[in-house]
Amino acid sequence: MGIFDSIARGLGSLRPMSDAELEDEREALRQRYVSSDNVGEASNLYNELHRYDEEMTRRANEAYERDNPDATTRRREHGWYLPNDD
C-alpha cells in the first residue's frame with residue numbers, strides 16, 4: 001500500500017497522512033494564512049484550511065463510529081432545534 005499512499009499524497013490527497021502529520025501541516029498552514037498580506041494567497045490558504053478541517057472531521061467521525069457502532073441520532077418530538085415546551 002506504500003506506493004499508492006505516495007501517489008495519492010503526490011496528487012494532494014490528505015488520507016495517507018497520519019493524524020499527527022495532518023495536525024502539524026494544518027498548523028503550519030494556519031500560521032502562513034494569519035501572516036499573509038496577499039489577499040489571493042490568503043484566500044487559497046483559507047480554502048486549504050477548510051480541506052484539512054474536513055479531513056480531520058471525517059477521521060473523527062469514523063473513529064466515533066468505530067467506538068460506538070450502535071449509536072443512534074436522538075430525535076426530539078418537535079424537531080431538532082425546537083424547544084419542547086408547548
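Worth saying up front: this structure is predicted, and the values here are computed from it rather than measured. Below, each value reflects all heavy atoms present in this structure, side chains not excepted, and no hydrogens, waters or symmetry copies.
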Results of ring pair (Phe, Tyr, Trp, His ring centres under 6.0 Å) for Tyr33 - residues two or more places apart only: Tyr46
Return all side-chain donor-acceptor pairs below 3.5 angstrom for residues 54-62, not counting sequence neighbours, or 'none' if the list is empty.
residue, atom, partner, partner atom, Å
Glu55, OE1, Arg58, NE, 3.2
Glu55, OE2, Arg58, NH2, 2.5
Glu55, OE2, Arg59, NE, 3.0
Thr57, OG1, Asp53, O, 2.9
Arg58, NH1, Glu62, OE1, 3.1
Arg58, NH1, Glu62, OE2, 2.5
Arg59, NH1, Met17, O, 2.9
Arg59, NH1, Asp19, OD1, 2.7
Arg59, NH2, Leu14, O, 2.9
Arg59, NH2, Arg15, O, 3.1
Arg59, NH2, Met17, O, 2.7
Asn61, ND2, Thr57, O, 3.4

Set of side chain to side chain contact (heavy atoms under 4.5 Å, CB included) partners for Ser18, sequence neighbours left out: Ala20, Glu21
What's the separation between atom CG in Asn38 and atom CG in Asn44, rounded to the nearest 0.5 Å? 8.5 Å
Applying salt bridge (charged side-chain N to carboxylate O under 4.0 Å, His left out) to Glu23 and Arg26, what does each step give before you reach the verdict? CA-CA 5 Å; Glu23 290 175 15; Arg26 188 203 180 278; over 6 Å; no
Within the distance-only criterion (no hydrogens, no angle test), does the side chain of Ser35 pair as donor or acceptor with the backbone N or O of Gln31 below 3.5 angstrom? yes
Distance, nearest 0.5 Å, that separates CG of Asn47 from OH of Tyr52: 13.5 Å
Is it possible for you to say whether Val39 and Leu45 belong to one hydrophobic cluster, with membership spreading through side-chain heavy-atom contacts below 4.5 Å? no
Hey, what do you get for CG (Asp24) to CG (Leu29), rounding to the nearest 0.5 Å? 12.5 Å
For residues 63-71, run the donor-acceptor check on the side chains, cut-off 3.5 Å, and write out each pair with its distance to 0.1 Å, sequence neighbours left out.
residue, atom, partner, partner atom, Å
Asn68, ND2, Tyr64, O, 3.4

Please find the pair of heavy atoms, one from Ala42 and one from Ser36, that lie closest to each other, and give the distance. N-OG, 3.8 Å
